[in-house]
Amino acid sequence: MNVLTIPAMANAHSHAFHRALRGRTQQGTGSFWTWREQMYDLAARLTPDLYYELARAVYAEMLAGGIGAVGEFHYVHHQPDGTPYADPNEMGRALLAAADDVGIAIRLLDTCYLTAGIGQPAEGVQRRFSDGTAEAWAERVAAFDDDRVGAAVHSVRAVPRDQMSTVAAWAADRPLHVHLSEQPAENDACRAAYGQTPTEVLAGAGVLGPRTTLVHATHLTDSDVRTIGDAGCLVCLCPTTERDLADGLGRGADLRAAGARISLGSDSHAVVDLFEEMRGVEMHDRLRTGVRGHWPARALLDCATVHGHASLGLEPTGSVVLDPASPRTAGTGADVHAAVFAATAADVTEVVIDGRVVFDGDHARVGRELEAAIEKVWQ
């Protein structure tokens, strides 16, 4: 039997705690904004110990799907009333420890999140997210003293324009990520406040550049696309989340043509399967344009591997063995087209990172660990 092997992949955008929402937020109707209220309820429940256990199980699920590196977009920093823990980075350290324990590489993207909306103070559970000012955020993050820590501007909603440059300056030699234009309402609020699109605001604040990854970038003008490409940014598309939250169809092919490098993320973890994310990039472009075949298989695999690691400032490492004769892959050929257009995370039989087997094919064990961790969160 032929062996189907690909490089280990990089999940460039993760909110680990969102995994506990799977199967819950899909009930009923609503929008991104009603989903967000359910997410806030979950965020209010987290303690450092619960976060560690949940993240550990989620990172094990990623390894079981062939993901060897993760970018954790982390903003649940403080106690529920906004008071810092005795170690103000205790929640972030829980995530680093969870990654270490399962053997996945991590870039902790410590997120500056200051306001509920443009000109609106943080409220409710958002007090857990806020350091008050970008200067206070930078002081807290510097106390990590860990090279694995990068930075994020949550969004133009959550960081005032005049404070974005502080975050960008701190991250001068590290990866910097930003949620960008995920929802039309975000664009409308930004234009009303600043007279510019979110992309234009980020460009004026000095946020854009080759170390910057723009997450979602769903609702862009043609000028925005050119600006992003000219700046040499990466864009992280998260197709399974973007369709789960009814965000819209991204412009992956347009951004690639403009010069942006495309990485992939599972974001809210409605699905943790970068094979599905790869296909989603192509399928969303098909739905948007009515034309098939925007992305060769090799280019999509590069999104999940080469560009994903570049987004996190990490060197690619590791390999993933796939079952070439599963009900999904049988008869497709043991090549890159089978991996990209047929395989799923369930077809991963082994993952090796730095010469060590970090996943041995036991998907059932990973499921049991996830169930136990999620039950504790909702108790």
Side-chain angles (χ1 to χ4, degrees), residues 5-16 18-19 55 58-74 95-96 98-100 102-110 147-152 174-178 210-217 233-241 252 255-256 260-269 271-281 295 297-322 336 339-340 343-345 348 350-354 356 358-359:
T5 303
I6 63 170
M9 297 176 286
N11 186 348
H13 190 66
S14 164
H15 301 292
H18 290 190
R19 174 61 177 83
V58 174
Y59 295 155
E61 181 181 11
M62 291 183 193
L63 283 174
I67 296 166
V70 59
E72 184 61 39
F73 200 102
H74 165 56
L95 293 165
L96 292 170
D100 287 342
V102 300
I104 194 169
I106 187 170
R107 177 68 69 185
L108 186 70
L109 299 160
D110 195 288
D147 290 341
R148 293 175 296 173
V149 178
R174 303 181 189 226
L176 174 63
H177 287 218
V178 190
R211 291 182 181 273
T212 303
T213 296
L214 305 170
V215 183
H216 301 304
C233 297
L234 292 111
V235 173
C236 182
L237 301 178
C238 308
T240 63
T241 290
L255 287 158
R256 177 173 172 244
R261 293 162 291 166
I262 306 299
S263 62
L264 302 173
S266 61
D267 191 5
S268 69
H269 311 314
V271 177
V272 176
D273 188 335
L274 283 199
F275 301 97
E276 183 63 24
E277 306 297 347
M278 284 189 274
R279 288 190 286 274
V281 172
W295 292 83
R298 176 58 63 179
L300 289 172
L301 186 60
D302 285 347
C303 294
T305 55
V306 177
H307 303 322
H309 284 91
S311 175
L312 303 179
L314 299 173
E315 291 296 323
T317 182
S319 60
V320 175
V321 179
L322 302 172
V336 67
V340 172
T344 71
V348 173
E350 184 179 77
V351 179
V352 178
I353 305 292
D354 293 331
R356 181 168 69 95
V358 293
F359 176 66

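Along the sequence shown, the residues carry numbers beginning at 1.
Atom CE of M9 is separated from atom CZ of F275 by 3.5 Å, given to the nearest 0.5 angstrom. Here S266 contributes atom OG and E277 contributes atom CD; the two are 6.0 Å apart, rounded to the nearest 0.5 Å. Rounding to the nearest 0.5 angstrom, the gap separating the CZ atom in F359 from the CD atom in E61 is 10.5 Å. Taking OG1 of T305 as the reference point, atom CE of M278 lies at 8.0 Å (rounded to 0.5 Å). In this structure, L234 CG and H177 NE2 are separated by 7.5 Å, a value rounded to the nearest 0.5 Å. Going from atom CD1 of I67 over to atom CG of N11 covers 4.5 Å, rounded to the nearest 0.5 Å.
Nearest heavy atoms, S14 versus E72: OG-OE1, 2.7 Å. Of all heavy-atom pairs spanning A12 and L109, the tightest one is O-CD1, 4.3 Å. Summarising the geometry of H15 relative to D267, their closest heavy-atom pair is CD2-OD1, 2.9 Å, with the distance given to 0.1 Å. Minimum heavy-atom separation, L322 to A339: CD1-CB, 4.0 Å. For the residue pair A345 and V272, the shortest heavy atom distance occurs at CB-O, 3.9 Å. Looking at every heavy atom in both residues, S268 comes nearest to T241 through OG-OG1, 2.9 Å.
Side-chain contact check for M62 versus R19: every heavy-atom pair is 4.5 Å or farther apart. With contacts defined as side-chain heavy-atom distances shorter than 4.5 Å, the pair C238/V215 qualifies. With contacts defined as side-chain heavy-atom distances shorter than 4.5 Å, the pair P316/V306 does not qualify. Between I353 and T317 there is a side-chain heavy-atom pair separated by less than 4.5 Å.
Each of V235, L312, T213 was evaluated against S263; a single residue qualifies, T213, per the side chain to side chain contact (heavy atoms under 4.5 Å, CB included) test. Among V102, V351, I104, the single residue meeting the side chain to side chain contact (heavy atoms under 4.5 Å, CB included) criterion with V358 is V351.
No side-chain donor from either of S319 and T5 sits under 3.5 Å from a side-chain acceptor of the other. With 3.5 Å as the limit, one finds no donor-acceptor pair spanning the side chains of E276 and T344.
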Open item on the list: Between V340 and W295, is the side chain to side chain contact (heavy atoms under 4.5 Å, CB included) condition met? List the steps.
Closed with: CA-CA 11 Å; V340 172; W295 292 83; over 6 Å; no
Open item on the list: Apply salt bridge (charged side-chain N to carboxylate O under 4.0 Å, His left out) to residues D302 and R256 and explain how you reach the verdict.
Closed with: CA-CA 12 Å; D302 285 347; R256 177 173 172 244; over 6 Å; no
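Side-chain atoms of R174 come within 3.5 Å of backbone N or O of V149 as a donor-acceptor pair.
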